[in-house]
Number of protein chains: 2
Amino acid sequence: MQKATAEKSDPIAAQLAPVGRETVQDRVYSELRRALIGGLFEPSQVLTIRGLADALMTSTMPVREALGRLITEKALEALPNRSVRVPPITLERMDDLLRARILIEGEAIALAATRMNSRQISIIESMLGDWDEMRALKHKKDVDREVTLNQAFHFEIYRACGSAVLIPMIESLWLQSGPCIRVAIYAFSDAGEVDTAHYHRTIVKAIAAQDAKEARDALVADISRPFTFLRSKLEAEAKRGMSA
Amino acid sequence: MQKATAEKSDPIAAQLAPVGRETVQDRVYSELRRALIGGLFEPSQVLTIRGLADALMTSTMPVREALGRLITEKALEALPNRSVRVPPITLERMDDLLRARILIEGEAIALAATRMNSRQISIIESMLGDWDEMRALKHKKDVDREVTLNQAFHFEIYRACGSAVLIPMIESLWLQSGPCIRVAIYAFSDAGEVDTAHYHRTIVKAIAAQDAKEARDALVADISRPFTFLRSKLEAEAKRGMSA
DNA sequence: TTATTTGATTTGTGATCACACTTGCATTGA
DNA sequence: TCAATGCAAGTGTGATCACAAATCAAATAA
């Protein structure tokens, strides 16, 4: 029988792209991740297996396994009733998440700053350009694209840190803070955009100069900003709740 | 109908302990975690759903979901053939794991050092005593108990750091380094025991003195030791492989 | 009107089945 | 003798079903 590996000597196989072997469960998992990081679900929202299966046009089986995986990485929460929901936002949890992100993403960007080659640096520089372009073109806020670009920019850098252990942890942290961040961006998108652009430019410049400390500091400022905004919003709401 | 929550005014309910509502899947997951952290599986060992289901005396359903969860936290590895195995040990991966553990567990113990109350401190002090007792009694090595005590000691401290985000990450790191550690302990248990005891005593003393830096340094030395041993062993094997 | 109960619907969990793919071994051919 | 072929057992994946627990709504009683 033909070998499964593409033979380099075979002129036909050279023309053929390998056909993916992704399972349905993998697609469901990726889709839910995307939705979570993008903040498509609201905090405290309850998700049902059959509901998601209908929405994703599949059976319950791949969905329940994907939900189980998301629960283990704390992207979702299993209630004692055995229903599953997006974790609610609390001040303590936000501070906890921010501290962990500063610690781990800070380490990753410091590593990346000393390891990125010129090709990788030019990629993130061009991403900066795409960003400016988008902001100039569209005056109304396009939060989805904003979130996607931001994610692509950061992970392009983290990927360069070369740690197969840190990167999944960072993904888990983004998964956990996704719903919070979305709320913050919605509330303060205009106020924060200019700062974001500034921090990102500082990051790129620091990496190009292989200045790990400067890169880390700029990153800390960048990821702290939405948390600070959200914190002030939550505190205002809590105060309003007290007086009511 | 009776409320599900225990009524404090009910004299009967006060006598009753809440009956757990653990699912079969949860038990399978916990059991596999225990086996992984304890190093009961060898690196590169392939696991089959039906095989585990037979061993655990359950059907395939809870096992496959537990395996999926362990794969997402990188405690197991999904091969392109769709079979799943314990990740093999490589030098790069070991260094990567150690760096992450130093970063995150170091932060956790520094936090704990400033937060542990006298009751919590006395608990870890008594664990030190249990340890000495065991070592005095049994001359032959009891690796299982050694690993269990070590885990209990460390996590008693980490729990006190009060971070619901960091602790699951540390659990994931232990899950990933479990198989490696077991190999190291087997190879070097006699050589390392006295060092382990010394580092643990230093940790307890530093925490009692609320000296975060000292506690972190001692922890780094403690968790680095098995990795250093294992590294030298792997390098020796690699050299032997070269000459053969 | 309000609190409680009863019944119907929804939901998660585990078992079983069907199917496709992989793996290992024996057979066949040169 | 050795490589290629073909068959059989093993394995993961997804669908479906049965059952128990939870939820919600209507109906009943105070």
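The figures that follow rest on heavy atoms only: side chains count, while hydrogens, waters and symmetry mates do not.
- The salt bridge (Lys or Arg N to Asp or Glu O under 4.0 Å) search around Arg231(A) returns Asp95(A), Glu235(A), not counting sequence neighbours.
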Name every donor-acceptor pair, under 3.5 Å, that has one atom in a side chain of residues 148-162 of chain A and the other anywhere in the protein, sequence neighbours excluded.
unit_1, atom_1, unit_2, atom_2, d
Thr148(A), OG1, Asp144(A), O, 2.9
Asn150(A), OD1, His154(A), ND1, 3.3
Asn150(A), OD1, His200(A), NE2, 3.4
His154(A), ND1, Asn150(A), O, 3.0
His154(A), NE2, Asp222(A), OD2, 2.9
Glu156(A), OE1, Arg159(A), NH2, 2.8
Tyr158(A), OH, Glu105(A), OE1, 2.4

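- Sorted by first then second residue, the salt bridge (Lys or Arg N to Asp or Glu O under 4.0 Å) pairs that include residues 58-67 of chain A, not counting sequence neighbours, are Arg64(A)-Glu65(B), Glu65(A)-Arg64(B).
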Each nucleotide N or O in nucleotides 10-14 of chain C that has a protein N or O under 3.5 Å away: list the pair and distance.
unit_1, atom_1, unit_2, atom_2, d
dG12(C), OP1, Ile49(A), N, 3.2
dG12(C), OP2, Ile49(A), N, 3.1
dG12(C), N7, Arg50(A), NH1, 2.8
dG14(C), OP1, Val24(B), N, 2.5
dG14(C), OP1, Gln25(B), N, 3.4
dG14(C), N7, Arg64(A), NH1, 3.4
dG14(C), N7, Arg64(A), NH2, 2.6
dG14(C), O6, Arg64(A), NH1, 3.2

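- Listed by first and then second residue, the salt bridge (Lys or Arg N to Asp or Glu O under 4.0 Å) pairs that reach into residues 35-62 of chain B come to none, sequence neighbours excluded.
- For Arg34(B), the salt bridge (Lys or Arg N to Asp or Glu O under 4.0 Å) criterion is met by Glu31(B), not counting sequence neighbours.
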